[in-house]
Amino acid sequence: MTKPFALGSLLLLPALLGVSATLASAVAFWALWVTILTLHGCSCGWVRNRLSGNWRLAANVLLATTWVSCAHLVAQALALGPSTPLGAYLALIGMQCVLLEHEGLFATDRRRARLQLFAVSAGLLLALALLRFLLGSSIAILAPTGFILLGLLLAGWQAWTQRRTPL
C-alpha cells in the first residue's frame, strides 16, 4: 500500500457496509467518527510532544479507547435504539485512531489530508445509504448488498477518473 493512511482508512470499510443501511445511522456514525477522530487528534497533539516510544503508544491507545467509550455512552444517552448497532463499529474507530496517529494523520501539517478523509467517507456513506434507500427492499439492508453497491460505486469512480485523465 503506497498511499498514505491506506491501512487506517481501510478500517472504515466494515462501518461503510454495516451502518449505511439507513441514512440516519450513516449520519450518526459519521458524526461520531469525525468527533472521535478530531478529539483524539487534539489530545494526541499534547501527548506527542511529551512522550516517546512505547509510552506514546500506550497513551495513544488509552486516549482512543477513552474517546470511543465516551462517544458510545453519549450515543446511548441520546438515543438508545439507534446507538446499539453502532457499538461494534465504534470499537473499530479506536483502532483506526491509533493507526492514523501512527501514520501521522494528526500532525499539524496534515489538515488537508484529514478533511479529504472526512469528505470521502461522508460521500461514500451517503452514497451507499441513498442507494440502499432507493432500492427499498429488505435485501438492500444486508451486508452482501453493501459489498456489491460499494464495488459498483468504486468501479464507477475509477471509470470516471480514468475517462477524465488524458493519455
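Remember, predicted model here, so these are calculated numbers, not experimental data.
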Pairs meeting criterion salt bridge (charged side-chain N to carboxylate O under 4.0 Å, His left out) with involvement of residues 38-48, two or more places apart: Arg48-Glu101

Pairs flagged by salt bridge (charged side-chain N to carboxylate O under 4.0 Å, His left out) wherever residues 14-23 is involved - sequence neighbours left out: none

Under 4.5 Å side-chain linkage, directly or through intermediates, the cluster mates of Val61: Leu57, Val98

Set of residues satisfying side-chain contact (heavy atoms from CB on, under 4.5 Å) with respect to [X], sequence neighbours excluded:
X      : value
Ala127 : Leu153
Val34  : Trp30, Thr38, Phe118
Ile36  : Trp67, Val68, Ala71, Leu90, Ile93, Cys97
Thr35  : Leu39

Residues, nucleotides or ligands: over 12 heavy atoms within 6.0 Å of Asn54 CG: no

CZ/Arg50: more than 12 non-hydrogen atoms of other groups inside 6.0 Å: yes

Polar side chain donor-acceptor pair, Asn60 to His40, under 3.5 angstrom: yes

Set of residues satisfying salt bridge (charged side-chain N to carboxylate O under 4.0 Å, His left out) with respect to Arg114, sequence neighbours excluded: none

Arg56: partners by side-chain hydrogen bond (donor to acceptor under 3.5 Å, both in side chains), with sequence neighbours left out: none

